[in-house]
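Every chain is numbered from 1, with letters handed out A, B, ... down the list of sequences.
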Protein chains: 2
Amino acid sequence: MTKEEKRFQEKIKSIQDTMFVIGGKWKIPIILSVYSGNKRFNEISNSIPKITNRVLSKELKHLEENLLITRNVIEDYPVRIEYAVTDYGLGLEEIAKPLESWGKKHKKKIIGK
Amino acid sequence: MTKEEKRFQEKIKSIQDTMFVIGGKWKIPIILSVYSGNKRFNEISNSIPKITNRVLSKELKHLEENLLITRNVIEDYPVRIEYAVTDYGLGLEEIAKPLESWGKKHKKKIIGK
DNA sequence: GATACTTGTATACAAAAGGATACTTAATTA
DNA sequence: TAATTAAGTATCCTTTTGTATACAAGTATC
């Protein structure tokens with residue numbers, strides 16, 4: 001394998017890693033929702049059209065495991081759970097922005113056919 | 001729904017549109033492969049570790065339908081098929097770059113724990 | 001006292017995505 | 001003549017994702 005090819009393989013690997021962590025229909029929307037002020041389970045759930053409890057619950061766990069959000073138990077009466085985006089999670093902005101603007105462009109392209 | 005909320009919903013929609021078109025493990029790697037010089041089915045297949053014929057075939061169709069690549073039949077003896085990235089497909093660079101660099105960063109973060 | 005809200009979990013099921021393997025058809029090469 | 005290449009397709013199977021529904025335990029409301 002040439003050096004070029006090797007570099008290409010690593011590029012692929014990095015992209016696949018990213019896709020594993022934040023790919024799919026829901027993960028970035030969830031992070032953006034939390035970032036934009038929705039802290040509690042039902043708030044997040046209501047802010048994202050069509051998401052179900054089961055999926056939201058699973059995705060939140062996945063994001064927590066990958067250090068992108070935190071789950072905080074607030075010892076009040078009654079106990080509350082609040083989610084927050086970590087500093088590390090904020091770094092996703094650099095991905096979310098291009099994804100959003102590309103999506104907009106693409107819709108125009110497809111409609112304009 | 002406030003204006004803020006509406007804008008947020010549209011943001012989500014755009015991101016989900018993008019994910020539908022270029023999400024998953026294979027689509028961006030395939031485009032990069034073609035872009036970097038692999039034109040023929042088996043070339044592309046060999047350049048991407050672990051991809052199977054079936055998946056490659058499906059993904060190529062999906063990408064063609066979304067105007068990101070073209071499939072060209074070269075009338076030679078024997079007939080050859082060559083894939084190429086469209087000008088429109090080149091616009092994905094703005095997404096592929098951040099995905100790659102985020103993946104690299106993330107790997108370091110996870111290893112460094 | 002009965003009912004609803006919160007933050008999920010549990011269960012069962014359906015649909016979509018991904019993977020393994022074999023096969024096709026025509027041409028080329030050994 | 002046999003094996004190989006090219007560009008996939010066909011079949012079957014597993015995994016992931018998504019949907020629907022019910023349930024829990026405590027608090028709040030009617």
Nearest-neighbour nucleotide for the B/Asn53 side chain, D/dA6, D/dT9, C/dA27 considered:
D/dT9
Please tell me if A/Arg71 has a side-chain N or O lying less than 4.0 Å from either OP1 or OP2 of C/dG8.
yes
Name the closest nucleotide to the A/Phe41 side chain, picking from C/dG8, C/dA20, D/dT19.
C/dG8
Cluster overlap B/Phe20 with B/Leu67, hydrophobic side-chain contacts below 4.5 Å:
yes
Donor-acceptor contacts, no H, no angles, side chain residues 47-64 of chain A, under 3.5 Å, sequence neighbours left out:
{"from": "A/Ser47", "atom 1": "OG", "to": "A/Ser33", "atom 2": "OG", "distance (Å)": "2.7"}
{"from": "A/Ser47", "atom 1": "OG", "to": "A/Ile44", "atom 2": "O", "distance (Å)": "2.8"}
{"from": "A/His62", "atom 1": "NE2", "to": "A/Val21", "atom 2": "O", "distance (Å)": "3.0"}

Could you check which of D/dT9, C/dT28, C/dG8 has an atom nearest any side-chain atom of B/Ser57?
D/dT9
Indicate, with a heavy-atom threshold strictly under 4.0 Å, whether B/Tyr83 touches base, sugar-phosphate, or nothing.
sugar-phosphate
With a 3.5 angstrom cut-off on both distances, give the Watson-Crick or G-U wobble partner of D/dA22, or none if there isn't one.
C/dT9
Give a yes/no on whether any side-chain N or O of A/Trp26 is located under 4.0 angstrom from OP1 or OP2 of D/dT16.
no
Which of A/Asn66, A/Ile22, A/Thr18 passes side chain to side chain contact (heavy atoms under 4.5 Å, CB included) with B/His106? Answer is A/Asn66
Suppose we call a contact any N or O donor and acceptor under 3.5 Å apart; does that hold for the side chain of A/Arg54 and the base of D/dG18?
yes
Candidates C/dG8, C/dT6, D/dT9 - which lies nearest the side chain of B/Lys61
D/dT9
salt_bridge(A/Glu10, B/Lys107) N-O dist < 4.0 Å:
no
Within the structure shown, what part of the strands sits under 4.0 Å from A/Glu43 by heavy-atom distance: base, sugar-phosphate, or nothing?
nothing
Base, sugar-phosphate, or nothing for B/Lys58, non-hydrogen atoms under 4.0 angstrom?
nothing
B/Lys25 side chain near C/dG19 phosphate (N/O to OP1/OP2, under 4.0 Å)
yes
